[in-house]
Amino acid sequence: MRHHKMIVAAVAWLLAAGMARAEEAASFLLIGGGARAAAMGGAAVALSADADAIYWNPAGLASVTRPEAGATHALYLGDTYDALAAAVPLGNRGVLRKEELGSRSGRAAATAYYPAESDMGVVAVGLARMGYAAQEGRDAARRPTGTFSASDYSASLAYARRVGGGFSAGLAVKRAQTRLADSSAGATALDAGGVLDLGTRFSWRFGAAVRNLGQDLRFSEQASPLPLTFAAGASAEPFRGLLLTGEVQRRPKSGTTAGSFGAEYRLHSVVALRAGYLQDRGPSATRWGGLTGGLGLGWGRLRVDYSFAPFGALGTVQTISIGGRF
């Protein structure tokens, strides 16, 4: 019951969050990792349960049972985005559990100790890079001064563990770095989250996370906040082969709220079809709205995923990822 209250409190926190609007920096931190999540509208806070969970909800890493790694590459409207993730379970350690054996009178008649195992959790690392197309530079009089490059980087270290009662918790520390021509700025932030797996008939999972909670990025005298995000959502499997997921995200620094939904239908043990919808796509949204789609292929411990998101005249964001367990 306590874990249920934690999830409810997280959702209330998400909906009530409100801060002054500001121009966000390092927006590449919103992209995440894995084409599966991208194909399902980015509704991954309750869904992600592999190495890519380090980008969406670090608590999802607790579901990793053997070492695994994943790589993501996206063509993002003229720019390129790459992400790597790896997760390693620390295994179990032997412990002695104590049990009081009662008598008919209700008093302890004896104390027994027996061997058991304790989950030591999962550690993970993530690396991401956004490379931007060459930019045109101008001086104070707005005269062209040639072109310059810009790029963003992030590195994350995370730990997650099953707490008990179907509840898992995770925490990640990340460092974001932005380079603009010869200048650079960096900031440190935290991601934290929880996942409640009810293990019921429809495989309900609830998740909540806060992402990019930390310092502002500061260039000279100008400081811009990271894209602080509160997210909460749920996933379920109403019948075998069909998985549904949805979430709501609140970005208090920019004053925006967005909802996203996704579905996955597994045609075969090898092939899965996916579709999604992201409510808020910003000023570049088109008549396609926030529709996304994709497919996944899996062979044993290897998986390959692809996603697309049409942006009309601006082009289509295409993402491919590959992952495997060892």
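By convention here, the first residue in the shown sequence is residue 1. These numbers come from the heavy atoms of this one structure, side chains and all, not from hydrogens, waters or symmetry mates. Given the structure is predicted, the values throughout are model-derived calculations rather than measurements.
The two atoms that bring G41 and S260 nearest to each other are O-CB, 3.1 Å, heavy atoms only. Residues S156 and I54 come closest through the heavy atom pair CB-CD1, 3.9 Å. When every heavy atom of T319 is checked against every heavy atom of A35, the shortest pair comes out as O-CB, 3.7 Å. Here the closest heavy-atom approach between residue A59 and residue G194 is recorded as CB-CA, 3.6 Å. Between D152 and R179, the shortest heavy-atom contact is OD1-N, 4.5 Å. Taking every heavy atom of both residues into account, A26 and L226 meet most closely at CB-CD2, 3.9 Å.
For the pair Q177 (side chain) and S184 (backbone), a donor-acceptor distance under 3.5 Å is absent. With hydrogens and angles disregarded, no donor-acceptor distance shorter than 3.5 Å links the side chain of E237 to the backbone of S203. With hydrogens and angles ignored, the 3.5 Å screen pairs a side-chain donor or acceptor of T229 with a backbone N or O of P227. In this structure, S48 contributes its side chain and A53 its backbone to a donor-acceptor pair below 3.5 Å. Not a single donor-acceptor pair under 3.5 Å links the side chain of N212 to the backbone N or O of L228. Distance alone, capped at 3.5 Å, is enough to place a donor-acceptor pair between the W56 side chain and the G33 backbone. Checked by atom type and distance alone, the side chain of Q318 never pairs as donor or acceptor with a backbone atom of L75 at under 3.5 Å. Panel note: side chain R205, backbone A46; a donor-acceptor pair is recorded below 3.5 Å. The closest donor-acceptor contact from the side chain of R218 to the backbone of A185 lies at 3.5 Å or more, if one exists at all.
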Worked check of side-chain contact (heavy atoms from CB on, under 4.5 Å) between Y277 and T292: CA-CA 6 Å; Y277 178 78; T292 60; over 6 Å; no
For side-chain contact (heavy atoms from CB on, under 4.5 Å), just list the numbers for L242 and Y265, CA-CA rounded to whole Å, side-chain angles, deciding distance to a tenth of an Å, and then say yes or no. CA-CA 5 Å; L242 177 64; Y265 183 66; 4.3 Å; yes
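The side chain to side chain contact (heavy atoms under 4.5 Å, CB included) with T257 is formed by just one residue from the set Q279, R250, R251; it is R250.
Here D50 pairs with R303 in a salt bridge; the nearest charged N to carboxylate O distance falls below 4.0 Å. D305 and R36 are not joined by a salt bridge, as no carboxylate oxygen comes within less than 4.0 angstrom of a charged side-chain nitrogen. Salt bridge E264/R274: present, at least one basic N to carboxylate O contact under 4.0 Å. D191 has a carboxylate O that lies under 4.0 Å from a charged side-chain N of K174, or vice versa, which qualifies the two as a salt bridge.
In this structure, the side chain to side chain contact (heavy atoms under 4.5 Å, CB included) partners of A83, at least two apart in sequence or on a different chain, are Y55, T72, Y81, A128.
Side-chain atoms of S151 and R129, non-hydrogen and from C-beta on, do get closer than 4.5 Å to each other.
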